[in-house]
Structure formats: C-alpha cells, structure tokens
Amino acid sequence: MKIFFATDIHGSEVCWRKFLNSAAFYKADLVVLGGDVTGKAMVPITARSGYWEVTLRGETLRIDSKSELDDVMTRIRNSGFYPAIVSPDELTHLGQNEAAVGERFEHEMISSLDRWLDMADGKLRGGEIPCILNGGNDDIFEIDNVIESSPCVSFAEGKLMDLDGFSLVSMGWTNPTPWNTYREAPEDELAAKIEQLASLVPDMGRAIFNFHAPPYGTGLDEAPALDENLRPMHGGAVMKPVGSTAVRDAIVKHQPMLSVHGHIHESRAIKRLGRTMAINPGSVYGDGVLQGAVLELDKKKAKVSRYLLVNG
Amino acid sequence: MATESVTGTPTLFLRNATGLVRGWSVRDSIIYACLATNFVTLGIYEFTFAGPAFPQGQFITSIIISAILVSFLVVAYSGLIVTIPRAGGDYVWQTRILGGGIGFVMAATGWWFILWLWAPIYGNILSVMVFQPLWATLGSPSGALWFTSKTGIFVVCLITIAIAGILVSLGMAGYARIQKWCFYGGLVAFAVVIILLLVNSHASFVSSFNYEAQKIFGVHNAYAATNAAANKAGYSTYNIGFGPIGPTMLLVPAMMFFILWPNWGSTLYGEIRGASDFKRVFTGMFTGLWMTVLLVIVFLLLVDKTIGWGFYQNLNSLDYNATPQFGIWPYPFMFAGWLVHNTAFQVILILGLSLWFFGWVGTLFLSSSRVIFAAAFDRVLPDRAAEVSEKRKVPFYSLILMLLPAAGLSAVYAYWLSFRNYTLDATLVIAMTYLVSAIAVVILPWRKPDLWAASPASRFKLFGVPVVPAAGWVTIAFLVFDLVEWFSNDSYFVNNHDSLYFMGIMYVLAIVLYVVARIVRRRQGIDLGLVNKEIPVE
C-alpha cells in the first residue's frame with residue numbers, strides 16, 4: 001500500500017489543490033493530511049464605491065474589476081491567507097475590536113474549509129480515493145464538525161482507523177507552545193491521550209501513529225531558539241528541540257511500525273526510534289510547495305519498504 | 001491577535017499560531033556579515049599575497065570596487081532569502097528553481113567538498129596569526145618557526161579541524177553566544193590597533209620596530225634591512241592612491257577571498273513575509289559588508305601614515321617570495337603592538353585579535369553538515385549520513401564525511417608546498433555556486449512566476465525594471481569576470497594543472513555521487529526525479 005502524507009498547509013489553497021492531486025501524481029492508494037489545515041493571517045479587502053482596495057506586502061493596490069478581484073483573492077489564498085472583503089466601516093471596527101477579528105477569522109476559516117471540501121468531492125471521486133484529515137494545534141475546534149460532515153474526507157482526530165490491515169491512530173494535540181494555541185496540553189495530559197489511543201490498536205507491529213507533535217529530541221523537532229519577543233536568537237543559527245516527550249516516550253514504548261508528524265515546519269527529517277520510522281516531511285506552504293512523504297508499506301513484512309520525502 | 005497597519009489602516013490580521021516569529025535582528029545580521037567578511041583574519045591574510053602579486057594595483061580602490069560589486073550579490077541574495085526563506089540556502093534555492101541534480105552538485109562542491117580545503121587554510125591562519133606571533137612575542141622565535149614547518153602546519157590544521165568538529169558536535173547554542181562576544185572583543189582589540197597607529201608617528205614606529213625586532217629576533221636595524229632586502233629582490237610598489245584602474249581591477253578577484261561572504265548566515269526568516277523583510281535582510285548584509293570596507297580603509301590609511309605603505313608591501317613581498325623577514329609570517333597587528341614595549345600588552349593584543357578567528361572558525365563545517373543532512377533526507381546520500389547518536393547527539397557519519405577528507409587535505413597542504421598556493425581555489429568553487437544561484441535569481445520570475453509575484457522582492461523596481469533580477473545579472477557579470485581572471489591569469493595560482501585537477505575532481509565526485517544515487521535508488525524502486533517534481537495544481 002502506498003500512502004502520501006503531508007501536513008501543515010495552513011490555509012494555502014495551492015497546497016490544498018496539490019494535495020488533492022497527490023494521489024494521482026504519486027500513484028498513492030491513500031492520502032493523509034496531518035493537521036494545521038487553517039491559515040494564520042487574514043487580508044482585508046476594502047470595498048469602496050466602484051472599486052476595491054487592498055495592501056499586499058506593503059503595496060496598496062486599487063482593484064477595478066471583478067476578474068481582477070478574483071485574481072487578487074486567489075493570490076492571497078495561495079499564500080495561505082484569507083481574503084476578507086469588508087466595508088470601510090467594518091475595517092475600522094475590526095481595527096479596534098479584537099473579538100470582531102476573531103469572529104471574522106472563524107467565519108473565513110470555516111467558509112474556506114467548506115469550499116476546500118467541495119473541491120475534494122470532485123477530485124477524490126466522491127470518496128473513491130481515501131483521504132484522511134485531522135486537526136493540528138493551530139486549528140480551531142469548530143473545523144472538526146465541518147470535516148466530519150464531508151462525504152469524501154475522513155476526520156481522524158482521536159480515532160482508530162483500519163487501513164487495509166494497518167491501524168492508524170491520530171492526534172492533533174501538541175505540548176505547549178509560546179503562542180498558546182488551541183490544541184495544546186501539558187505532557188502528562190498528552191501521554192494520557194496517547195495511551196487511550198494506543199489501547200485501541202490491535203497490533204503495534206502494523207500501527208501508524210499520526211501525531212501532530214514530533215517526538216522530542218529526534219531532529220524532527222528542531223526549531224529556532226527564540227527570545228522573549230519571539231525573535232530568533234543568535235541570527236537564527238541556534239536550533240533547539242521543541243517536540244513532545246510524551247510522543248517520544250509512547251513511540252519508544254509501543255514501537256509502532258511508522259509514526260508521522262508535522263508541527264515544526266523547518267524540521268524536515270527522518271529518525272529511527274527502535275523499529276519505528278518517525279517522519280516529519282516539514283512544510284513550506286508559504287512558497288506554494290507541498291512537502292510530503294511517499295510511503296510504501298509492505299503488508300506481509302509489516303514494515304515501510306520504501307519512502308521518499310518530496311517537494312511537490 | 002496582531003495587526004499590521006499602514007498609516008493607521010489595518011492591512012493584515014494575524015491570529016495566534018505556531019511559528020509566527022519575527023525576523024532576526026538587523027544587529028545580529030550585521031555582526032554575522034562582518035564576521036563572515038573577516039578582515040582581521042581573511043583580509044590581512046590575503047593582502048600578503050595580493051600586494052606582491054599585483055604591485056601596481058591599488059588596494060583601497062580595488063576594495064571599494066569589490067564591495068560595490070558584492071553589494072549587487074547582496075541584493076540578489078536578499079531577493080532569494082525573502083522569496084524562499086529556508087535554512088539550507090543555495091541548496092534549497094537551486095534545487096527548487098533549477099532542479100535536484102544541479103542543486104546537489106553545486107551545493108556539495110561549494111558548501112561541503114571545498115570546505116575540506118578551507119580547513120587547512122583556517123589552520124594556516126591560526127598558525128600565522130596566533131601561534132607564530134604568540135611564540136615570538138613570548139621570547140621563543142625558534143618555537144614560532146616550528147609552526148612554519150610542515151609538521152607544525154599539519155598539527156595546527158588538525159587542531160583547527162578538531163575545534164570545528166567539536167563545535168559541530170556540541171551544537172551551535174553555546175558557540176553562538178560566544179560568537180557575539182568574540183566579535184565585540186576583536187573589535188576592541190582592533191580599535192586599540194587603530195589608536196596606536198593614529199597617535200604614533202612614522203618615526204616612532206620605525207624606532208619601535210627596530211627595537212622589538214632586535215629584542216625578539218636579534219635583527220639589527222630591521223626596518224631598513226627589510227626595505228633593502230625587498231629592493232634587492234627587485235620588488236617595488238606604488239604609493240597608496242586610487243589608480244591605475246587596470247592593475248587595480250586585477251586585485252578584485254583576489255579581494256573576493258574575504259569580501260565575497262556577507263550573505264553567509266542570513267537564511268532563516270519567518271513565514272509571514274512583509275514588505276519590510278527585504279529591506280531588513282538587505283540592510284544587515286549590506287551594512288556588515290560596508291562596515292568591513294570602512295575598517296579596512298581606515299587601517300590601510302593608517303598603515304600608510306605610521307607603518308609606511310612601501311615597507312608594509314616590502315614585508316609582504318619577502319613572505320610572498322618565501323623569504324619572510326623574521327622567518328615567520330609578517331603579521332601587521334603584531335608589529336602595531338610593538339609600539340608598546342610591553343610583552344603582556346603585546347600578547348593580550350594578539351589574543352584579542354584572535355577572537356575574530358575563534359568567533360568564526362566554528363562555522364567551518366556548519367554548512368557542510370546541513371548539506372549532508374539535506375542530501376540524505378533527499379535519499380541522494382545513504383540514510384546513515386544524517387544519523388545522530390542517541391546519547392550525545394553527535395552526527396557521527398556526517399562528521400566522518402567532513403573531518404577525514406579535511407584531515408587528508410591538510411596533510412597534502414602541509415607537506416606539498418605548491419598546494420598551499422591554491423588558496424584561491426577555495427573562493428573559486430564557492431563563487432561557482434554563487435554564480436548558479438545568481439542564475440537562479442535571474443530566471444526566478446519566469447521559472448516560478450507565482451512564487452515571484454508573492455515575494456516582497458518583486459515590488460522593488462527602478463525605472464520599471466525589477467531590481468533583484470537586475471542585480472542577479474550584475475552578479476553574474478562580476479563573478480564571470482572573476483572566474484575568467486582566475487582561470488586565465490597565472491598570478492592567482494589557480495589555473496595550473498594540479499589546481500584544475502583538484503577542483504575538477506570535486507565536481508566529478510559530486511556528479512558521480514548524484515548519478516550513482518539515481519541508479520541505486522531506481523533499483524530500489526525509488527525515483528529521485530520525484531523529489532522536486534511539482535504536483536499539478538489543476
């Protein structure tokens with residue numbers, strides 16, 4: 001069985017489109033997106049009388065036609081941002097009201113995800129190509145029900161799934177980050193969540209851990225050391241492990257065949273922990289490149305027979 | 001939540017999300033660029049060769065011309081950094097824009113193999129700028145001479161490799177902390193040199209030089225003796241000035257040995273790229289580069305005033321002709337320290353200036369380890385190359401791939417005298433890698449139009465012409481000029497057969513590695529061509 005695993009596309013529409021085409025491109029039997037589906041930023045487009053106005057990377061653009069507007073919105077979406085068309089009054093209100101920004105963000109995230117799932121319906125031939133998604137620490141909880149309701153995408157968070165004889169368990173929660181995001185928990189709580197999932201697995205020799213947080217100190221979790229202002233220290237030359245000790249302990253204890261991770265975008269790496277192959281394909285969603293791992297699983301030998309990290 | 005605004009109007013709303021880091025500080029960037037274009041170590045080292053090789057060339061003019069040209073490289077690299085802001089630099093940019101094979105060959109040669117040669121060069125710098133002057137100052141000229149012997153050079157090369165290897169093994173965390181202090185400490189020591197040269201007269205220097213040379217080396221009337229020896233050898237130099245331009249331009253490829261590296265460290269930036277990123281990246285590298293130029297010009301003018309330009313070049317010419325005045329390398333900062341007749345002061349000054357060496361030597365194999373890891377994850381190298389030991393986190397196999405060849409090449413460097421002349425090979429091979437990255441910059445708007453359109457770098461235009469690709473063209477032109485000179489002019493010691501074989505072997509090795517990897521992986525059912533193949537969007 002061939003699996004394509006990608007992660008952390010953070011609202012990049014071009015990466016989502018590539019993900020939907022990845023099964024055909026890599027001749028994969030199954031595609032998995034390992035969390036952090038939603039974007040981090042929203043770009044306001046101000047509707048004025050007869051035209052629109054937007055500032056992209058410091059440059060203010062005047063948009064005179066609907067087709068031009070569509071092009072700009074596509075550019076914004078492809079970068080992983082959400083375009084939000086607002087009136088001048090709305091923009092002023094958003095500028096002064098943090099709660100209103102939060103609400104608008106949520107609205108844009110949900111509607112964008114709805115659109116994405118509609119696209120998936122066509123591309124994945126109505127569920128003929130299995131596609132699995134789960135949340136990541138940056139994803140709001142409201143997306144769970146939206147994905148659950150899709151007819152062609154399976155929501156994996158907190159579940160055991162049978163993949164033609166292999167068991168997949170998924171968890172989007174991570175150890176705490178400096179950004180205080182949605183699905184974060186202390187290590188002991190993470191360990192409890194993992195143990196609950198692990199108890200569902202019938203045969204660890206055929207198990208795949210799909211945990212958003214990478215295992216601590218494995219090279220899959222190297223992020224720039226930051227100062228108190230979240231600025232990279234020492235010119236960004238110093239990296240430090242920021243993964244989860246609970247995830248690492250669980251892998252070492254249960255020894256699944258494979259564990260796939262994300263979360264730390266710059267830490268594209270592979271590490272063997274005993275018999276487990278742990279992989280973080282990393283993410284460069286901002287460049288419109290879909291990084292991923294093409295994994296061939298040998299059903300008889302219960303092992304990863306081939307793998308390749310790709311920049312699709 | 002955070003908001004970016006232009007004149008009070010919100011233009012971007014950011015929510016709390018992982019990885020929203022700010023770019024590293026411009027001050028850090030300036031320090032890195034300044035340490036990379038390391039005048040105190042690389043610059044001074046190169047001057048010993050450049051002056052005698054091109055006696056009619058004018059240093060200050062050539063350094064200004066070199067820095068203007070390298071400024072275009074800074075613009076081109078700033079464009080790449082903000083467009084594809086990834087650790088990995090040239091390897092990532094070239095593989096992404098030009099393809100996996102080209103990316104691997106240029107990165108492996110420019111950031112891995114050629115560092116095997118930089119190891120003995122750094123070793124020799126450690127010998128001539130630290131061990132030789134220290135032993136001499138401490139009253140053991142014979143001990144200093146030992147460091148000029150073949151075994152002495154080899155031992156110091158091994159010490160250098162060991163220092164760099166240990167620092168790679170320990171990780172950058174501790175080292176990065178001391179790097180800044182090394183920079184500031186070295187700067188203070190350099191300031192002391194400047195003050196000494198400023199407040200003392202030429203006559204005072206001549207007298208001090210004669211006194212210390214007699215005391216340490218037993219050479220009588222050494223200042224006049226140096227000039228006489230150089231004149232006897234037929235060497236004559238021009239006064240410091242600004243022309244003629246022809247011979248001065250020939251100094252430019254030599255100056256690249258220290259001035260070509262302001263872009264060395266700036267590859268890590270945040271994901272949410274704003275309009276200010278390009279300016280910040282550019283400002284850090286540009287300021288670092290021109291700070292170096294300023295330091296060099298001030299130093300050279302003071303050399304002319306106090307030491308005497310002709311005398312400085314005479315010292316260099318004697319070393320160039322393998323007859324150094326005191327048997328050891330003519331370290332100008334040691335001679336400046338002789339203005340104070342106090343051994344402790346002289347030792348402290350040498351150690352203070354050595355901080356710029358120790359603050360940079362730890363990065364010697366850093367790029368190599370990154371390239372080796374990236375190539376292993378791309379399945380070009382065996383998986384083991386990226387393995388890190390469980391207990392001590394030491395990248396054991398990649399260290400072998402860096403240290404053993406470097407030690408081997410150090411032996412060749414130490415025991416085969418003519419090989420030491422191929423110093424500029426170390427610059428040439430990296431310049432080739434830069435050239436390919438400059439080509440990548442130029443074709444980026446056509447190869448990756450969406451990526452380019454989304455980049456803050458695409459905004460910068462002059463008379464409607466995009467600045468970054470234009471800077472890429474100028475970079476290509478000046479690197480081609482350098483390459484043509486290196487390959488055609490015997491004075492750089494690059495274009496002889498052995499040197500060309502040495503560099504050719506590196507490229508052949510990289511190509512063979514890549515082709516073998518493609519074949520082996522294909523037999524394993526893995527298509528390496530897929531690594532960088534873009535998935536269709538529609």
Side-chain angles (χ1 to χ4, degrees), chain A residues 14 17-18 21-22 25-26 36 40-44 55 57-60 75 78-79 91 94-95 98 101-102 105 137-138 177 179-181 217 219 224-226 229-240 263 265-266 268-270 284 286-290 294 306 308-312, chain B residues 1 3 5-6 9-25 28-29 31-32 84 86-87 96 172-173 176-177 179-180 265 267-268 271-276 366 377-379 383 386 388 393 450-451 453-454 456 459 524-526 530-538:
Chain A
V14 69
R17 287 173 183 273
K18 286 180 172 183
N21 289 334
S22 62
F25 188 74
Y26 297 116
D36 279 0
K40 301 177 179 183
M42 182 167 70
V43 180
T55 302
R57 306 190 197 290
E59 188 180 20
T60 302
R75 265 175 66 187
N78 284 347
S79 304
L91 185 61
L94 288 173
E98 208 168 270
V101 176
F105 244 123
N137 65 303
D138 285 331
T177 72
W179 295 274
N180 190 25
T181 57
L226 303 177
N229 298 314
L230 302 181
R231 199 185 274 284
M233 294 163 72
H234 310 300
V238 177
M239 308 294 275
K240 72 170 196 176
H263 189 39
H265 302 174
E266 49 277 82
R268 175 178 183 259
I270 297 162
V284 289
D287 302 352
V289 171
L290 182 66
V294 181
R306 294 188 189 100
L308 191 65
L309 297 183
V310 291
N311 309 304
Chain B
M1 298 284 174
T3 306
S5 306
V6 172
T9 307
T11 57
L12 182 75
F13 296 106
L14 296 166
R15 68 191 179 96
N16 277 352
T18 321
L20 285 178
V21 299
R22 301 160 77 190
W24 50 294
S25 77
D28 281 2
S29 182
I31 291 175
Y32 268 72
I84 308 177
R86 298 287 160 254
R96 195 74 59 74
M172 281 296 289
R177 273 184 209 106
Q179 263 187 315
K180 258 187 224 172
T267 54
L268 197 75
E271 293 169 344
I272 306 297
R273 282 161 273 168
S276 64
L366 194 64
F377 293 143
D378 282 352
R379 312 299 306 275
D383 305 354
V388 177
K393 308 288 176 200
D450 293 337
L451 193 57
R459 275 188 55 221
Q524 294 171 342
I526 297 167
L530 272 183
V531 171
N532 288 299
K533 204 167 181 180
E534 193 167 353
I535 305 170
V537 178
E538 299 305 329

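Just so it is clear: chains get the letters A, B, ... in the order the sequence lines come, proteins before strands, and each one is counted from 1. For the numbers below, each heavy atom of this structure counts, side chains included, while hydrogens, waters and symmetry mates do not.
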Under 4.5 Å heavy-atom distance to chain B, tell me which part of S79(A) shows up: side chain, backbone, both or neither.
side chain
Could you tell me whether the side chain of N21(A) and the main chain of P536(B) form a donor-acceptor pair under 3.5 Å?
yes
Rounded distance (nearest 0.5 Å) linking atom CG of N311(A) with atom CG of L530(B)
11.0 Å
Nearest heavy-atom contact between P44(A) and L12(B) is CD-N, 3.9 Å
Given that the side chain runs from C-beta out, which part of E534(B) has a heavy atom under 4.5 Å from chain A: side chain, backbone, both or neither?
both
With a 4.5 angstrom heavy-atom cut-off, which part of N137(A) approaches chain B: side chain, backbone, both or neither?
side chain
To the nearest 0.5 Å, tell me how far L308(A) CG sits from Q524(B) CD.
11.0 Å
Considering all heavy atoms, the nearest T11(B)-V43(A) contact:
O-CG1, 3.9 Å
Would you mind checking which part of N532(B) comes under 4.5 Å of any heavy atom in chain A, side chain (CB onward), backbone (N, CA, C, O), both or neither?
both
Identify the two heavy atoms, one from F13(B) and one from F105(A), that lie closest to each other, and give their separation to 0.1 Å.
O-CZ, 3.4 Å
Testing the basics here: between A41(A) and L14(B), what is the closest heavy-atom pair and its distance to 0.1 Å?
CB-CD2, 3.4 Å
Shortest non-hydrogen separation from A17(B) to K40(A) and the atoms involved
CB-CG, 3.6 Å
Test your reading of the model: is there a side-chain donor-acceptor pair from R15(B) to the backbone of D138(A), 3.5 Å cut-off?
yes
Shortest non-hydrogen separation from V537(B) to K18(A) and the atoms involved:
CG2-CE, 3.9 Å
In terms of heavy-atom proximity below 4.5 Å to chain B, should V294(A) be classed as side chain, backbone, both, or neither?
neither
Option in N78(A), N180(A), L94(A) with maximal non-hydrogen atom pairs under 4.5 Å from chain B:
L94(A)
Any idea which of S22(A), A269(A), G95(A) has the most non-hydrogen atom pairs under 4.5 angstrom with chain B?
A269(A)
